[in-house]
Amino acid sequence: MDADVIVVGAGLAGLAACHELVTAGRRVALIDQENAGNLGGQAFWSFGGLFLVDSPEQRRLGVRDSLDLAWRDWQGSAGWDRLEGPGAEDEWAVRWGRAYVEFAAGEKRSWLRQLGVKLTPMVGWAERGGGTAFGHGNSVPRFHVAWGTGTGVSEPFADRARDAAKQNRLTFHHRHRVDQLLVEGGRVIGVSGAVLAPDDAPRGAPTNRTVIGDFTLKAPAVILATGGIGGNHELVRRYWPERLGAPPREMITGVPAYVDGRMLEIAAEAGARLVNRDRMWHYVEGVRNWAPIWPRHAIRILPGPSPLWFDALGRRLPHPALPGYDTMATLKHLRTTPDLAAHDHSWFIVTETMLAKEFALSGSEQNADITNRNLLGVLRSRLGKGAPKEVAAFRDKGADFVVADDLETLVAKMNDLTDQPLLDPALIRRQIEDRDAQMDNPYAKDVQVQGIHNSRRYKGDRWARTSAPHKVLGPQAGPLIGVKLHVLTRKSLGGLQTDLSSRVLTPDGDVLEGLYAAGEAAGFGGGGLHGYNALEGTFLGGCIFSGRAAGRALSGRN
């Protein structure tokens, strides 16, 4: 045997599994098709959000949370409905969901702190929901941001892997692409594949697929931590669910090209069961990166509650398709409304005041102040006047941004960004004036305006994420900005079905001996612990939790 355990995939889930394994004295072979500069995978590029329940950070901001409330929110958001009959697709997903929420309300924070993951004081209120008490959405803010953003979460695990390699407890096999799982007597005993030519491309950039050799590695157990399908638009379209209408003709990409889904099919060929493949998490607030790293590189705007959101024909989106409320409801509205099916975009119209305080950009490279752990820089950029420099760069250089001093000029510039002029400035003016008429009182009938006032009651949003209520066409709010928004591909919510020890199951519900899965490849656990919706801050945590479970199971600690 070449190792006690082979881990395929050097992202966060794989690194979490490696940490548990080497801590228990196991010898690990870590395989990844990319170069050493990509250690940490997609987590490195993330904003570093972590879903926590009843944390000290929440309590300091006056948030009252509990395991019971979080579990109610999780169930209402997940909407698991594949629970009947033998081999139900959601059978293990529900158990994983409950276990994860208990982890988030229990030892998650302290365990991560012991590993060197520290949190900023900020707690964001993501996915505010569909407007019902039991339904999708977070009842309270739970989105905790790590110091260092995604790097602050992935690098402590990556550093432990590097240290383990120096101590000969872990062997890196970079530029090795797994093409087959080796099965003998119904048990997975190793992997084989191609050795790829060296490539020193920067982190996240595409690398060559030139084959210069082959390899075989054997071990009593293999953990697949190879991510989802977000970088492979062909697979996204193949499994796009009918409930979300037709997939857009053009999408942009929120993950590097190596997030290709290859190992899912390879695992299925070896006898593994794939479930819930039609559950996906794609964002509708994507903009093209003016300084791209990977093909069709997308950046997501994390909006506050105030931006006015219009469809491609210039109509305000209805509740709950509002900024920061319900990602899947918004995607469904944009893709299933009959006269919108031919259009792949929507629009934000904001004031400079809104942009400065309410636009955050997802990604470690888009938040240098937090990524570099510069507290003074954070205070200046998040609490001071003017937009953070990264947001200002998109406003000034981004292909999807236009700026004007008056609405008619702005709409004309917006029309210049599409093949034909679809927006009527008179229609847009009328809707904005109707909205602005709601701003003279601290209450309103407009649901979005109600949400702005609700947001301002939460200290964290009032200080850093929600501008003071104001009229879009008022003279004091600064120039107007139009932003063309695209669908960006990101996460898979389904995948390999696993039990609570991360053991992969077969279509008959039996354990496929020797094979484990973690992270996005396992639908973050059980083949779908999020169900149909995510509460945000749950992707990094899901990778950590399922990777930890796999490592502990193979260490005899579960």
Side-chain angles (χ1 to χ4, degrees), residues 244-246 248-252 283-288 300-301 303-327 329-355 358-359 394-395 398-439 444-452 470-474 477-488:
L244 294 180
R249 293 186 306 277
E250 294 292 333
M251 296 181 284
I252 53 180
Y283 292 109
V284 282
E285 312 100 323
V287 292
R288 291 170 287 176
R300 183 205 173 194
I301 297 172
S306 303
L308 275 72
W309 204 336
F310 296 88
D311 65 28
L313 302 179
R315 301 168 302 203
R316 275 184 76 189
L317 269 57
H319 180 270
L322 300 174
Y325 276 72
D326 192 329
T327 293
T330 307
L331 180 58
K332 182 178 180 179
H333 175 80
L334 293 173
R335 299 309 309 158
T336 61
T337 302
D339 58 359
L340 294 178
H343 307 293
D344 296 337
H345 67 280
S346 60
W347 297 96
F348 278 160
I349 291 181
V350 298
T351 65
E352 179 69 24
T353 300
M354 291 178 192
L355 178 128
E358 300 198 21
F359 270 29
F394 269 84
R395 178 198 62 204
D400 294 312
F401 287 70
V402 292
V403 183
D405 289 327
D406 65 87
L407 183 62
E408 283 66 30
T409 302
L410 182 79
V411 173
K413 289 184 175 182
M414 293 164 67
N415 277 328
D416 287 341
L417 297 185
T418 56
D419 293 335
Q420 49 185 312
L422 301 173
L423 303 175
D424 177 359
L427 172 63
I428 292 179
R429 173 173 287 279
R430 184 164 64 252
Q431 293 173 93
I432 294 178
E433 288 177 344
D434 287 342
R435 179 264 187 198
D436 282 358
Q438 298 281 302
M439 305 306 294
K445 70 176 183 180
D446 184 285
V447 175
Q448 184 176 8
V449 176
Q450 291 174 0
I452 294 169
H470 61 279
K471 296 183 177 182
V472 171
L473 300 181
L480 299 172
I481 298 135
V483 187
K484 186 181 181 183
L485 304 173
H486 312 261
V487 174
L488 72 85

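Worth knowing before you read on, the calculation uses all heavy atoms, side chains too, and leaves out hydrogens, waters and symmetry mates. All values reported here derive from a predicted model rather than from experimental measurement.
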Answer whether the closest heavy-atom distance between the side chains of T409 and D405 falls below 4.5 Å. no
Give the C-alpha distance, both sets of side-chain angles, the deciding distance and a yes or no for side chain to side chain donor-acceptor pair (under 3.5 Å) between H470 and T351. CA-CA 9 Å; H470 61 279; T351 65; 2.9 Å; yes
Could you state the interatomic distance from CE (M414) to CG (L407), rounded to the nearest 0.5 Å? 8.5 Å
Within a strict 4.5 Å, meaning less than it, do heavy atoms of the L410 and V402 side chains meet? yes
Student check: side-chain heavy atoms of R288 and H486 closer than 4.5 Å: yes
Roughly how far, to the nearest 0.5 Å, is the CD1 atom of I428 from the CD atom of E408? 9.5 Å
Find the distance between CZ (F359) and CZ (F348) and round it off to the nearest 0.5 Å. 5.5 Å
Does any non-hydrogen side-chain atom of V472 lie less than 4.5 Å from one of M354? yes
With a 4.5 Å cut-off on side-chain heavy atoms, are K484 and V287 touching? no
What are the two closest non-hydrogen atoms of E285 and P303, and how far apart are they? OE2-CD, 4.0 Å
Review item, side-chain donor-acceptor pairs of residues 305-313, under 3.5 Å, at least two apart:
unit_1 : atom_1 : unit_2 : atom_2 : d
S306   : OG     : E358   : OE1    : 3.3
S306   : OG     : E358   : OE2    : 2.6
W309   : NE1    : S346   : OG     : 3.0
D311   : OD1    : L313   : N      : 2.8
D311   : OD1    : G314   : N      : 3.0
D311   : OD1    : R315   : N      : 3.1
D311   : OD2    : R315   : NE     : 2.8
D311   : OD2    : R315   : NH2    : 3.1

Whether D344 and R335 form a salt bridge (side-chain N of Lys/Arg under 4.0 Å from carboxylate O of Asp/Glu) is what I want to check. yes
Interatomic distance, OG1@T330 vs CG@L485, rounded to 0.5 Å, equals 11.0 Å
Work out which heavy atom in V449 is nearest to a heavy atom in A444; give both atom names and the distance. CG1-CB, 3.6 Å
The single option from R435, Q438, R316 passing side chain to side chain donor-acceptor pair (under 3.5 Å) against D446: R316
Decide whether H345 and T418 meet the rule of one side-chain donor and one side-chain acceptor closer than 3.5 Å. no
Donor-acceptor check, side chain of T353 to backbone of A477, threshold 3.5 angstrom: yes or no? yes
Should the heavy atoms of other residues, nucleotides or ligands under 6.0 Å from CG of D339 be counted, would the total exceed 12? yes
If I take atom OG1 from residue T337 and atom NE2 from residue H343, how far apart are they, to the nearest 0.5 angstrom? 11.5 Å
About how many Å separate CG of L317 and CD of Q448, when rounded to the nearest 0.5 Å? 9.5 Å
